[in-house]
Amino acid sequence: MILTSEELQKFFRNNKNVAYCKILKNLGSSPREKGTWMLISMDGNIFGTIGGGQLEYNLIQNVMRQDWKVDFKLDIETNLGPDIAQCCGGKVIISIQKINYNFSKYLIEKLKKDMSKFTQVLIFGAGNVGTSLALQMYNLPFHVKLVDNRKNFISKLKIPIEKKFSLIPEQEVREANAYSCYIITTHDHGLDFLLCYEILKRQDASYIGMIGSKTKRGALKNWLRKKGVDDISNVNIPIGKSLFDTYDKRPEIISAHIISEMLSIMEKKANL
């Protein structure tokens with residue numbers, strides 16, 4: 001589940017005594033990277049994770065043993081080897097400090113700010129694949145919006161994702177955040193092509209995927225060429241097949257492949 005500011009506020013309401021634990025340094029292989037943090041209450045309740053396993057278990061026990069009558073602050077160093085039955089082979093240094101009301105407010109605002117930086121993902125088409133995609137992305141760090149031009153269709157969907165009825169879906173492309181991801185799964189090939197054209201005109205998409213076939217890719221390429229667009233190398237069509245091919249066409253499986261493809265492409269671009 002994505003850690004939201006609302007969930008964090010709920011955690012603070014339910015836990016009066018809380019310690020803030022943050023990875024100050026990691027050397028070699030470790031479950032999580034420098035800067036990762038989690039909260040541990042006096043009773044062992046947690047918010048977030050520094051990677052799980054024996055490292056996190058020992059950290060929770062260490063925090064629970066602290067003297068909660070004082071404002072404690074300390075650093076602990078852990079070798080991730082056979083001694084703790086977590087053989088990552090690296091080393092981590094974790095800071096632990098009991099936090100007060102002001103620090104809790106700071107964390108809430110920090111989490112809000114971090115969430116505001118999430119990449120926007122626009123899914124066009126609220127059919128089987130589009131809806132499955134939206135649901136699978138619910139627990140991922142993205143701002144997801146499901147768009148459809150069929151009001152009666154999209155209004156009936158009961159999912160915890162932002163939904164948008166739009167008679168002009170391409171307007172959603174024009175108003176999207178910079179470096180958004182676009183997944184086109186509508187019921188209308190003509191609309192698919194038009195959306196792709198609007199996305200390519202922006203020249204800032206982090207990912208573009210379109211449901212279809214090799215034949216549809218050829219038709220898209222010819223249609224876009226008439227519009228003055230010759231390069232469709234950034235358009236993943238057939239969608240979700242750049243990592244490996246599959247003949248399983250169940251919406252849930254297709255969605256999983258699409259998400260894997262999108263994450264892979266985004267990471268490659270981030271490392272350029």
### Pairwise side-chain contact, Val18 with Phe47, heavy-atom cut-off 4.5 Å (strictly under)
no
### Task
Test Leu39 against Phe12 for side-chain contact (heavy atoms from CB on, under 4.5 Å), laying out the working first.
CA-CA 10 Å; Leu39 302 177; Phe12 283 132; 3.7 Å; yes
### Query
Got Leu107 and Ser5 here, is their nearest side-chain heavy-atom distance under 4.5 Å?
no
### Message
Under a 3.5 Å distance rule, please check whether Glu56 uses its side chain to pair with a backbone N or O of Ile50 as donor and acceptor.
### Response
yes
### Query
Any idea which heavy atoms bring Ser180 and Thr119 closest together, and the distance?
CA-CG2, 4.3 Å
### Message
For Ile239, is there any backbone N or O sitting under 3.5 Å from a side-chain donor or acceptor partner on Asn236?
### Response
no
### Query
Going through the checks in order, is the side-chain contact (heavy atoms from CB on, under 4.5 Å) test met by Asn45 and Asn14?
CA-CA 10 Å; Asn45 298 318; Asn14 295 334; over 6 Å; no
### Query
Just wondering, are more than 12 heavy atoms of other shown residues or ligands nearer than 6.0 Å to NE2 in His189?
no
### Message
Using a 3.5 Å distance criterion without hydrogens, assess whether the side chain of Thr185 forms a donor-acceptor pair with backbone atoms of Ile211.
### Response
no
### Query
What's the spacing between Cys196 SG and Leu194 CG if we round to 0.5 Å?
10.0 Å
#### Entry: Min side-chain heavy-atom separation Glu252-Gln136 under 4.5 Å
yes
### Message
Just checking Tyr106: does its OH atom have more than 12 heavy atoms from other residues, nucleotides or ligands closer to it than 6.0 angstrom?
### Response
no
## Note on the structure
Here the gap from Phe142 atom CZ to Leu263 atom CG, rounded to the nearest 0.5 Å, amounts to 5.0 Å
### Query
Donor-acceptor pair, Lys269 side chain versus Ser206 backbone, under 3.5 Å?
yes
### Query
Would you find more than 12 non-hydrogen atoms of other residues, nucleotides or ligands less than 6.0 Å from Lys145 atom NZ?
yes
### Task
Give a yes or no on whether Asn128 atom CG has more than 12 heavy-atom contacts from other residues, nucleotides or ligands under 6.0 Å away.
no
### Query
Got Phe165 and Leu167 here, is their nearest side-chain heavy-atom distance under 4.5 Å?
yes
### Query
In the single-linkage hydrophobic clustering (I, L, V, M, F, W, Y; side-chain heavy atoms under 4.5 Å), do Leu133 and Tyr138 co-cluster?
yes
### Task
Look at the side chain of Ser260 and the backbone N and O of Ala256, then say whether any donor-acceptor pair between them is shorter than 3.5 Å.
yes
### Query
Taking Ser116 for the side chain and Lys113 for the main chain, is one N or O donor matched with an acceptor at less than 3.5 Å?
yes
### Task
May I ask you to test the Ser213-Lys216 pair for a side-chain heavy-atom distance under 4.5 Å?
yes
### Query
Is there a path of hydrophobic side-chain contacts, each under 4.5 Å between heavy atoms of I, L, V, M, F, W or Y residues, that connects Met42 with Leu74?
yes
### Message
Can you give me the closest heavy-atom contact between Val92 and Asn26, atom names plus distance?
### Response
CG1-CB, 4.0 Å
### Query
Are any side-chain N or O atoms of Arg32 and backbone N or O atoms of Ile23, one a donor and one an acceptor, separated by less than 3.5 Å?
no
### Task
Show the numbers, then the answer: is there a side-chain contact (heavy atoms from CB on, under 4.5 Å) between Glu261 and Ile265?
CA-CA 6 Å; Glu261 178 179 83; Ile265 289 173; 3.9 Å; yes
### Query
Would the number of heavy atoms belonging to other residues, nucleotides or ligands and lying under 6.0 Å from CZ of Phe103 be above 12?
yes
### Message
Rounded to the nearest 0.5 Å, what separates atom CG in Asn79 from atom NZ in Lys91?
### Response
5.0 Å
### Query
From Ser104 OG over to Tyr20 OH, what is the distance, rounded to the nearest 0.5 angstrom?
13.0 Å
### Query
OG1/Thr131 to CG/Leu157 distance, rounded to the nearest 0.5 angstrom?
4.5 Å
### Query
Using links of under 4.5 Å between side-chain heavy atoms of ILVMFWY residues, direct or through other members, which residues join Leu195 in one cluster?
Leu122, Phe124, Val147, Val173, Tyr182, Ile184, Leu191, Phe193, Tyr197, Ile199, Leu200, Ile208, Met210, Leu220, Trp223, Leu224, Val229, Ile232, Val235, Ile237
### Message
So for atom CZ, which belongs to Arg174, do other residues, nucleotides or ligands contribute more than 12 heavy atoms lying within a distance under 6.0 Å?
### Response
yes
### Message
Closer than 3.5 angstrom, by distance alone: can the side chain of Gln120 be matched with the main-chain N or O of Asn177 as a donor-acceptor pair?
### Response
yes
### Message
So for atom OH, which belongs to Tyr57, do other residues, nucleotides or ligands contribute more than 12 heavy atoms lying within a distance under 6.0 Å?
### Response
no
### Message
Would you say Asp43 and Ser41 are linked by a side-chain donor-acceptor pair, where the criterion is simply a distance under 3.5 Å?
### Response
no
### Query
Got a second to check how far Arg65's CZ is from Ile60's CD1, nearest 0.5 Å?
11.5 Å
### Exam field: side chain Asp148 to backbone Ala126, donor-acceptor pair closer than 3.5 Å
yes
### Task
Would you check if the side chain of Lys98 reaches a backbone N or O of Trp68 as a donor-acceptor pair within less than 3.5 Å?
yes
### Task
Could you check Val121, Ile254, Leu140, Ile183 and say which one makes a side chain to side chain contact (heavy atoms under 4.5 Å, CB included) with Ile259?
Leu140
### Query
Do Asn271 and Glu267 have side chains that get closer than 4.5 Å, going by heavy atoms?
yes
### Query
When you look at NZ of Lys201, are more than 12 heavy atoms from neighbouring residues, nucleotides or ligands closer to it than 6.0 Å?
yes
